[in-house]
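Protein chains get the first letters and strands the later ones, always in sequence-line order, with residue 1 at the start of each. Any value given below was found using the heavy atoms of this structure, including those in side chains, with hydrogens, waters and symmetry copies removed.
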2 protein chains.
Amino acid sequence: MNLDSILLAMLKEPTTGYQLKSAFDQNPSHFWPAELSQIYRTLKRLEESGFLKVSTESSDRGPQRRVYRLTATGRKHLHEELAKEPVVISRQRLPYIAQLFFLHELDDLQATREFIQCIREQCITQLATYKKITQQAKAEYGGSLDDATDEAFHKFLTLDVGIRTSKARLKWCDETIEQIDRRLTKGKRKAGAKKRSSK
Amino acid sequence: MNLDSILLAMLKEPTTGYQLKSAFDQNPSHFWPAELSQIYRTLKRLEESGFLKVSTESSDRGPQRRVYRLTATGRKHLHEELAKEPVVISRQRLPYIAQLFFLHELDDLQATREFIQCIREQCITQLATYKKITQQAKAEYGGSLDDATDEAFHKFLTLDVGIRTSKARLKWCDETIEQIDRRLTKGKRKAGAKKRSSK
DNA sequence: TGCAGCATGTAATTTGTTACATGATTCT
DNA sequence: AGAATCATGTAACAAATTACATGCTGCA
């Protein structure tokens, strides 16, 4: 899965680049952020590949809009991409884990504690966002998942995995902070003992 | 955190690009994969920035080796990077989530089931890897976390968050497959009812 | 008058992937 | 003799980030 396929998938209705960006920010941005400039460039390339076709329309307000439509070739390409096996999930770059891994270099457990605290806050914000979207989605399909469309069901699944991993991470943060605190008091005791023995 | 900082952090001992790649594959590759070609390019740039200095040494076996050493400027730069706040974790690209989100387009729940199954297998493999490394690490620091060095402690933390998120994801896979199966049998019942009513 | 929102892009740079190219030593 | 390991890179391409550049409409 790449931005190309995501844009093709979002083009069920003829849309402009600007509108796509707004739609992006509503939902796919949680698992795939993208800048407007990148969207425009990608749309252009997709058009050159024959996956999209454009028509220029003048709107009542603002400048002319370039409306993109999915072609049959584009739809076929999308379906091929969707039918692929999922990418190897372990080949992800996790900058915050990398930073934590090397943070011992600072030789400052208090700094590590603040680092985890910061991640903890992000988890809470993220959880709140996921839950808000879940509520909105529930309102759309009535509340009972069994009656939801396949589209709503798939959307629910992505939210669910997000909520679960955020919760797991949050719990990790809490227990890690406790462990750091134990380490910090233990360190102080040792330092105290050292002081007493050296005088 | 980027590859630059990771390489600086890994250069506690003077090392060659090739050795760095081996070390990479042992550990940081779980949260930051990198190819040799990229490592060489980055080392070159870091040297040009004055963060590293090189000395060419002839080895007893194989061609000459270029041994990189961290400079004082490099160490300072690394510490600045480490002291930064963690990056926004929600701005991650999760291709498999994106694919799942749009998978309803195929209109084939069975395909979604296989997709989740595939992710499930990856989770299991990943969990096994994490646990193996945890065992190795434990052997190094004796078994009791309280007595572990700060370095071992930080390493443990990164493994722990990996294990927890993998477990959460695995549980999600299992419960999702159950839900899909319920949906599939329900769909069949409906199709059957339709058939009966139409004849 | 100035700001927010609609609407379109280009340019430069950085980062990551894949393929190619070379050559020595050691083990089987 | 050939494969594996050590050891170095270049080149081409793809993807993503950041900054810049433009201009209209409607509202306060």
NZ/NE/NH1/NH2 to OD/OE distance under 4.0 Å, B:Glu105 and A:Lys12: yes

Validation row: A:Phe24, A:Leu7 side chains within 4.5 angstrom (heavy atoms): yes

Polar side-chain atom of A:His30 near backbone of A:Asn27 as donor-acceptor pair, under 3.5 Å: yes

Salt bridge present between B:Glu178 and B:Arg113 (N-O < 4.0 angstrom): no

Atom pair distance, as rounded to whole Å: CD in B:Glu57 and P in D:dA7: 11 Å

Between C:dC6 (C1') and A:Arg65 (CZ): distance, integer Å: 9 Å

Contact state string [nucleotides 10-22 of chain D, B base, S sugar-phosphate only, - no protein heavy atom under 4.0 Å]: B-B---BBBB---

Salt bridge present between B:Glu35 and A:Arg91 (N-O < 4.0 angstrom): yes

A:Glu175/B:Arg164 ion pair, N-O < 4.0 Å: yes

Members of residues 73-90 of chain A that approach DNA chain D, where some heavy atom sits under 4.0 Å away: none

SB check A:Lys84 A:Glu81 (cutoff 4.0 Å): yes

Whole-Å distance separating the CG atom of A:Leu43 from the C1' atom of C:dT10: 15 Å

Interface with DNA chain D, restricted to residues 5-25 of chain B and to heavy atoms under 4.0 Å: B:Thr16, B:Gly17, B:Tyr18

Parallel, tilted or perpendicular: ring planes of B:Phe101 versus A:Phe31, cut at 30 and 60 degrees: tilted

Salt bridge flag under 4.0 Å for residues B:Lys44 and B:Glu47: no

A:Asp146 and B:Arg183 ion-paired at < 4.0 Å: no

Distance in angstrom units between B:Leu46 CG and C:dT15 C1', rounded: 13 Å

